[in-house]
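Working notes for the structure below.
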Amino acid sequence: MLEENGDEIGLLMTDQRMPGEKGVWLLERARQLRPHIIRILVTAYADMDAAISAVNSGAIYKYVSKPWDRRNWS
């Protein structure tokens, strides 16, 4: 989808835990294909190390902790 429609996508938000794939892997691939897309990872506290690593490597712009409280996210 990113290869075919990447110019129309401005934001990619995914959970870290998905069936068969980790969210950081998807976001890293998205960064390689379409670096302009804003990449956000949703993660539970148990996956916080993966989120921090992804931020440090540049794979994601921001992470959101679950449970999500919109009042604490800007």
Side-chain angles (χ1 to χ4, degrees):
M1 183 189 255
L2 286 173
E3 291 174 353
E4 295 175 14
N5 303 305
D7 292 333
E8 300 173 19
I9 299 170
L11 172 74
L12 177 58
M13 185 173 190
T14 185
D15 199 315
Q16 170 63 1
R17 293 190 181 190
M18 300 185 300
E21 187 170 4
K22 299 287 185 190
V24 292
W25 298 340
L26 173 62
L27 296 173
E28 177 59 35
R29 181 73 175 134
R31 181 176 70 113
Q32 293 170 0
L33 291 172
R34 304 289 186 191
H36 70 279
I37 293 174
I38 296 172
R39 298 166 307 278
I40 298 177
L41 182 68
V42 179
T43 183
Y45 182 76
D47 294 323
M48 199 57 66
D49 289 340
I52 292 169
S53 177
V55 169
N56 290 338
S57 72
I60 64 172
Y61 168 73
K62 186 174 266 197
Y63 67 89
V64 178
S65 298
K66 294 189 285 186
W68 180 344
D69 183 348
R70 68 179 176 86
R71 295 170 296 178
N72 296 330
W73 197 68
S74 56

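FYI, the numbering just counts along the sequence from 1. Values below: every heavy atom of this structure, side chains too, minus hydrogens, waters and symmetry copies.
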Next item on the list: Kindly write out the residues that satisfy side chain to side chain contact (heavy atoms under 4.5 Å, CB included) with L2, not counting sequence neighbours, or none if the list is empty.
Entry: I9, L12, A30, L33, I37
Next item on the list: Would you mind telling me which of L27, I60, L11 makes a side chain to side chain contact (heavy atoms under 4.5 Å, CB included) with I40?
Entry: L11
Item checked: Closest non-hydrogen atom pair between D15 and L41, with its separation -> C-CD1, 4.0 Å
Next item on the list: Taking the side chain as every heavy atom from C-beta outward, state whether D7 and R34 have any atom pair closer than 4.5 Å.
Entry: yes
Note to self: Closer than 4.0 angstrom, basic N to acidic O: yes or no for R29 and E3?
What the structure shows: yes
Check: Among R17, M18, Q16, which residue meets the side chain to side chain contact (heavy atoms under 4.5 Å, CB included) test with T14?
Finding: M18
